[in-house]
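Let me begin by presenting the structure, written as structure tokens, before commenting on it.
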Amino acid sequence: MYMKWSRYFLPTSKEPPKDAEIISHKLMCRAGMIDKLSSGVYTYLPLGYKVLRKVEGIVREEMNRTGAVELLMPSLQPASLWKESKRLDEMGEEMIRFTDRHRRLMLFGPTHEEVITDIVRRYINSWKQLPITLYQIQTKFRDEMRPRFGIVRAREFLMKDAYSFDRDEKGLEVSYGKMKDAYKRIFARCGLDFSIQQADSGVIGGKFSEEFVAKGECPELEVGHIFKLGTKYSETMKAFFVDADGKEKPAVMGCYGIGVSRIVAAIIEGNYDKKGIIWPLSVAPFLVLVIPVNPEDTTIINTAEKIHSDLESNGIEVLLDDRDISAGMKFSDGDLIGIPLWVVIGKKFIEKGKVEMKIRKEDRFFEIEPENITQWISEYIKREGK
RNA sequence: CGGGGCGUGGCUCAGCCUGGUUUAGAGCGCCUGGUUCGGGACCAGGAGGUCGGUGGUUCAAAUCCACUCGCCCCGACCA
């Protein structure tokens with residue numbers, strides 16, 4: 001749809017809020033992407049939500065490509081399930097709990113091994129149904145002792161969690177390998193520079209885990225963590241299947257998490273300059289920013305609107321900065337929110353019928369005829385790879 | 001959870017130590033009019049806070065004391 005800045009909701013600011021420490025947090029606040037409601041609890045404003053959805057889309061595509069199947073589990077869970085897995089006390093205060101009106105202890109899921117194992121034990125009975133990997137993209141709740149760095153360590157955040165079930169260890173190796181490959185593709189597509197490290201499995205348990213750590217100044221990061229769980233949950237929760245030899249065996253599990261909201265921060269940590277964010281094409285909230293320098297000049301504004309609708313009809317997401325403010329402010333805001341390509345319509349259009357393109361990441365302008373814009377952009381996308 | 005810090009218009013902050021000319025200020029933002037319009041313009045006018053909350057000390061509290069709530073930082077912890 002036609003998107004004009006004046007009709008959008010994009011509150012940028014010159015100053016970062018006092019409590020922002022790391023660059024991604026500062027920029028997300030200044031670029032009008034997020035708003036803090038409470039410690040570790042954030043609203044994704046339209047621009048931030050758009051980026052979040054882009055990342056989510058990449059994660060979903062790559063999960064589906066491996067043959068994993070998406071479902072959606074509830075955030076609300078009965079504590080009884082966690083008693084069964086013996087993790088109720090282990091997770092402790094980090095789990096947000098409450099007693100419902102029937103005096104039943106409930107909790108907001110910090111992770112979903114229990115729920116998925118419960119589903120699988122009731123529906124998967126035969127080796128013929130294996131292997132299977134199920135995943136969801138969902139809001140998780142963790143009452144962090146100390147929320148930090150904006151959305152990097154939040155108490156409510158978006159996570160993709162996948163769970164694989166195999167007949168045996170060999171199968172787990174295959175499922176695990178597929179996920180690991182998918183993770184590499186996901187982070188690469190998001191423009192993240194990352195490393196893989198062996199890690200402590202913590203409360204999740206299992207015998208082996210690796211974490212994906214995004215490079216940057218931020219001391220956190222970890223953006224993904226994959227585990228070979230083995231039969232920890234399937235045995236304690238009795239998720240058995242009948243194998244080809246007629247014997248009952250526990251499913252061999254793996255689980256695979258990605259902090260979707262954390263990826264957004266990690267992308268910024270690795271893609272910014274003094275002026276603001278520089279979105280990789282793959283996750284940019286808009287691909288093109290159209291700037292009519294003087295919106296009172298009808299020739300300029302008409303041209304801007306025409307370019308805008310031409311691009312839109314070619315399936316390119318465009319934001320038109322139709323605000324009645326100085327050009328300098330538009331440029332500053334444009335740099336801040338990091339839209340990859342700009343089309344600037346100003347005096348050069350009046351003088352010689354040319355507009356200017358700016359490539360954000362190169363911080364470079366060049367002239368172009370208005371009728372060539374769409375083609376140039378299509379080629380640029382192809383060249384840069386989206 | 002231990003240690004430290006901070007809460008004053010939408011945002012960033014000054015004032016607090018040495019209570020009383022402060023009808024509580026500034027910058028940014030916002031509104032109106034005008035001049036501007038290629039890198040966060042300028043002039044003039046204007047709106048907006050009772051100083052996180054409660055209680056106390058005092059003739060008098062944004063300023064002192066106590067409690068409380070919220071937020072941030074360091075540490076420990078962290079799929």
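Atoms considered below: every heavy atom in the structure, side chains included; atoms not considered: hydrogens, waters and symmetry mates. By convention in this document, chain letters (A, B, ...) are assigned in the order of the sequence lines, proteins followed by strands, and residues within each chain are numbered from 1.
Proximity of A:I337 to A:P285: side-chain heavy atoms (C-beta onward) are nowhere separated by under 4.5 Å. Looking only at side-chain heavy atoms (C-beta outward), A:W5 and A:K330 stay at 4.5 Å or farther from each other. When side chains are defined from C-beta on, A:Q198 does not count as touching A:E211, because their heavy atoms never get closer than 4.5 Å. Side chains of A:M3 and A:E317 form no contact here, defined as non-hydrogen atoms less than 4.5 Å apart. For the pair A:H112 and A:Q136, the minimum side-chain heavy-atom distance is below 4.5 Å. Side chains of A:K140 and A:P110 form no contact here, defined as non-hydrogen atoms less than 4.5 Å apart.
Within the structure, ring-ring contact (aromatic ring centres under 6.0 Å, His included) pairs that include any residue of residues 352-385 of chain A comprise A:F366-A:W376, A:W376-A:Y380 (at least two apart or interchain).
For residues 331-340 of chain A, proximity to RNA chain B is found at A:F331, A:S332, A:D333, A:D335, defined as any non-hydrogen atom under 4.0 angstrom from a strand atom. Only A:P110, listed by number, bring a heavy atom of residues 109-119 of chain A to less than 4.0 angstrom from any atom of RNA chain B. In the region residues 341-358 of chain A, proximity to RNA chain B at under 4.0 angstrom, judged on heavy atoms, holds for A:V344, A:G346, A:K347, A:K348, A:E356, A:K358. Within a heavy-atom distance below 4.0 Å of RNA chain B, no residue of residues 172-188 of chain A is found.
Between A:V293 and A:G259, the residue anchored nearer the 5' end of RNA chain B, judged by the nucleotide with its closest heavy atom, is A:V293.
Distance, A:I325 CD1 to B:G39 P: 13 Å, rounded to whole Å. Rounded to an integer number of Å, the gap from A:E21 CD to B:C72 P is 11 Å. Spacing between atom CD of A:E211 and atom C1' of B:C78 amounts to 11 Å, rounded to whole angstrom units. Distance, A:D273 CG to B:G39 C1': 14 Å, rounded to whole Å. The distance between atom CZ of A:R323 and atom C1' of B:G38, rounded to the nearest whole Å, is 15 Å. Atom CD of A:E90 and atom C1' of B:C77 are 14 Å apart (whole Å).
Under the 3.5 Å distance criterion, the side-chain polar atoms of A:T133 are left unmatched by any main-chain donor or acceptor of A:A68. Formation of a donor-acceptor pair under 3.5 Å by the A:R153 side chain with backbone atoms of A:E144 is not found in this model. Between the side chain of A:Y183 and the backbone N or O of A:G257, at least one donor-acceptor pair lies under 3.5 Å. For the pair A:R189 (side chain) and A:S282 (backbone), a donor-acceptor distance under 3.5 Å is absent. A:D100 contributes a side-chain N or O that, together with a main-chain N or O of A:H102, makes up a donor-acceptor pair within less than 3.5 Å.
At least one cation-pi condition fails for A:K215 and A:F194: the charged atom is not both under 6.0 angstrom from the six-membered ring centre and inside a 45 degree cone around its axis. A cation-pi contact, defined as under 6.0 Å to the ring centre and within 45° of the axis, is absent between A:K36 and A:Y42.
Between A:S326 and the phosphate of B:U36, there is no side-chain N or O to OP1/OP2 separation shorter than 4.0 Å. Close to B:C78, at under 4.0 Å from its OP1 or OP2, lies no side-chain N or O of A:R146. Distances shown here put a side-chain N or O of A:R148 below 4.0 Å from the OP1 or OP2 atom of B:C74. Between A:K275 and B:G39 there is no side-chain N or O to OP1 or OP2 distance below 4.0 Å. Distances shorter than 4.0 Å separate some side-chain N or O of A:S39 from OP1 or OP2 on B:C72.
Under the Watson-Crick or G-U wobble criterion, with both distances below 3.5 Å, B:C30 is paired with B:G46.
Residue A:V203 is in sugar-phosphate contact alone, with no base atom involved, counting any heavy-atom pair closer than 4.0 Å across all strands shown. Using a 4.0 Å heavy-atom distance criterion, A:S209 is classed as making no nucleic acid contact.
There is no side-chain donor-acceptor pair under 3.5 Å between A:Y44 and A:R53.
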Protein and nucleotides 9-16 of chain B: nitrogen or oxygen contacts under 3.5 angstrom:
residue	atom	partner	partner atom	Å
B:U12	OP1	A:K18	N	3.1

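A gap of 23 Å separates the C1' atoms of B:C30 and B:G39, to the nearest Å.
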